[in-house]
Amino acid sequence: MSGVIVTDPPKADLKDVDALAGFGVATVSEAMGRTGLLGPGIRPIQQGVRVAGTAVTVIGWPGDNLMIHAAVEQCREGDLLVVTTTSPSTDGLFGELFATALQRRGVRGLVINAGIRDTQELREMGFAAWSRAVSAQGTVKATGGSVNVPIAIDGQIVRPGDVILADDDGVVVVPRERARETVEKSEAREAKEAATRAAFLDGQLGLDRYRLREKLEELGVRYRTYEEYEGERP
């Protein structure tokens, strides 16, 4: 497998990246019209952590982490490494030594569509990671691949420089040219949710706030007392 290492791709503005880090993955996905989510199979190795960064993308061979080594050189402050393989792999492609090198370069975390190991050490050093699997299985360094090219994970395209936001709920990708727009839409959504939260705390029901009683009526859902229900049963 041949490949290419692309240097200095365009990236989202770090001000917008940092602003997106103030919102949850669910909020940002909803703000983009329920798009951008990677699948639920990619899970955090830690809890209570949210990070956002600009994607440095990697595609390599299953069981081979050569291209992650190549990607480290391309990483800069504020980046987040995103790794996938040419076919499914659960081998532990990434561990504490990689994280040490990436932390030194200001990388904010990792999303890997494969396996990860040294998870206790990663948590202790505060390196945030989301992975498809956890596996102690080692790897080789033998086959070429690519860095900073568009990759696909769970049907989502991730391009170098796109924003990756990850938290306990999962991972979402924000196209780099939509970062500022998504910040604004996320702010609007949070304001709307704050108003709804206040209404719920005041005792209002979602049935009334969202006008769902009319929807239930349209769908033919009826209210019956227990006695009426029992009397109508066949």
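When reading the values below, keep in mind they use all heavy atoms of this one structure, side chains included, and skip hydrogens, waters and symmetry mates.
- By the rule that hydrophobic residues join a cluster once side-chain heavy atoms approach within less than 4.5 Å of another member, Leu165 and Val171 end up as members of separate clusters.
- Each of Thr84, Asp154, Thr90 was checked for a side chain to side chain donor-acceptor pair (under 3.5 Å) with Arg132, and the lone residue meeting it is Asp154.
- We find the CD-CZ distance between Glu230 and Arg233 to be 4.5 Å, quoted to the nearest 0.5 Å.
- Between Asp13 and Arg180, every side-chain heavy-atom pair lies at or beyond the 4.5 Å cut-off.
- Val149 places a side-chain heavy atom less than 4.5 Å from the side chain of Val6.
- A donor-acceptor pair is defined here as one N or O able to donate and one able to accept, closer than 3.5 Å; no such pair exists between the side chain of Asp79 and the backbone of Val107.
- Hydrophobic clustering, with ILVMFWY side chains joined whenever heavy atoms are under 4.5 angstrom apart, groups Leu122 together with Leu110.
- Here CZ of Arg108 is found 7.0 Å from CD of Glu77. Values are rounded to the nearest 0.5 Å.
- Side chain of Arg105 to backbone of Val72: a donor-acceptor contact under 3.5 angstrom is found.
- Shown here for Arg224 and Tyr229, the closest heavy-atom pair between the two residues is CB-N, 4.2 Å.
- Shown here is Phe200, whose CZ atom has more than 12 heavy atoms of other residues, nucleotides or ligands within 6.0 Å.
- In this structure, Val17 and Ala12 approach most closely via the heavy-atom pair CG2-CB, 4.1 Å.
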| task | Test side chain to side chain contact (heavy atoms under 4.5 Å, CB included) on Arg189 and Lys192 and set out the steps. | result | CA-CA 5 Å; Arg189 182 168 182 84; Lys192 180 180 178 181; 5.5 Å; no
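- Within 6.0 Å of the CZ atom in Arg34, the count of heavy atoms belonging to other residues, nucleotides or ligands does not exceed 12.
- Looking only at distances, no side-chain donor or acceptor of Arg213 sits under 3.5 Å from a matching main-chain atom of Tyr210.
- Cluster annotation: Leu80 and Leu102 are assigned to distinct hydrophobic clusters (Ile/Leu/Val/Met/Phe/Trp/Tyr, side-chain heavy-atom contacts under 4.5 Å, transitive).
- Connectivity analysis of hydrophobic side chains (ILVMFWY, heavy atoms under 4.5 Å, direct or indirect) links Ile157 to nothing; its cluster partners are none.
- Judged by distance alone, with hydrogens and angles left aside, the side-chain atoms of Ser29 form no donor-acceptor pair with the main-chain N or O of Val25 at under 3.5 Å.
- To the nearest 0.5 angstrom, Ile42 atom CD1 is 5.0 Å from Ile153 atom CD1.
- Within the structure, the ring-ring contact (aromatic ring centres under 6.0 Å, His included) test picks out the following pairs touching residues 97-132 (sequence neighbours left out): His69-Phe98, Phe94-Phe98, Phe94-Phe127.
- Once rounded to the nearest 0.5 Å, the distance linking CD1 of Ile59 with OG1 of Thr86 reads 6.0 Å.
- Nearest approach of Lys141 to Leu66, heavy atoms of both residues: CA-CB, 4.0 Å.
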| task | Let me see the working for Val56 and Asn148 under side chain to side chain contact (heavy atoms under 4.5 Å, CB included), right down to the final yes or no. | result | CA-CA 6 Å; Val56 172; Asn148 277 335; 3.6 Å; yes
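- In summary, the side chains of Thr54 and Arg176 do not present any donor paired with an acceptor at a separation below 3.5 Å, with no hydrogens or angles considered.
- Other residues, nucleotides and ligands contribute over 12 non-hydrogen atoms within 6.0 Å of the CD atom of Gln103.
- Ile164 is not connected to Ile45 by any chain of hydrophobic side-chain contacts under 4.5 Å among Ile, Leu, Val, Met, Phe, Trp and Tyr, and they are in different clusters.
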| task | Before giving the answer on side chain to side chain contact (heavy atoms under 4.5 Å, CB included), spell out for Thr57 and Arg159 the whole-Å C-alpha distance, their side-chain angles and the decisive distance to 0.1 Å. | result | CA-CA 7 Å; Thr57 60; Arg159 302 169 305 162; over 6 Å; no
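- Under the 4.5 Å side-chain heavy-atom criterion for Ile, Leu, Val, Met, Phe, Trp and Tyr, Val82 and Val134 are members of distinct hydrophobic clusters.
- Residue Ser87 comes nearest to Pro62 through the heavy atom pair OG-CG, 3.1 Å, listed as atom of the first residue, atom of the second, then distance.
- In this structure, Thr182 OG1 and Glu187 CD are separated by 11.0 Å, a value rounded to the nearest 0.5 Å.
- When only modelled atom types and interatomic distance are considered, Thr100 and Glu96 share a side-chain donor-acceptor pair under 3.5 Å.
- Distance alone, capped at 3.5 Å, is enough to place a donor-acceptor pair between the Ser146 side chain and the Val4 backbone.
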| message | Between Asn113 and Leu38, does the side chain to side chain contact (heavy atoms under 4.5 Å, CB included) criterion hold? Intermediate values first, please. | response | CA-CA 10 Å; Asn113 188 29; Leu38 304 193; over 6 Å; no
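- Contact of the Ile5 side chain with the Glu73 side chain is not registered, since no non-hydrogen atoms from C-beta on lie closer than 4.5 Å.
- With hydrogens and angles ignored, the 3.5 Å screen pairs a side-chain donor or acceptor of Glu228 with a backbone N or O of Thr225.
- Between Thr139 and Gly92 the shortest heavy-atom distance is CG2-O, 3.7 Å.
- Between the side chain of Asp64 and the backbone N or O of Ala142, at least one donor-acceptor pair lies under 3.5 Å.
- Between Cys75 and Leu81, the closest heavy-atom pair is SG-CD1, 4.1 Å.
- By the neighbour-count criterion of 12 heavy atoms within 6.0 Å, atom CD of Glu193 is densely surrounded, having more than that number from other residues, nucleotides or ligands.
- A distance of 14.5 Å separates CG of Asp202 from CZ of Arg197, quoted to the nearest 0.5 Å.
- For the residue pair Arg123 / Gln46, no side-chain donor-acceptor distance below 3.5 Å is found, with atom types taken as modelled.
- In this structure the side chain of Val163 never reaches within 4.5 angstrom of the side chain of Arg178, judged on heavy atoms.
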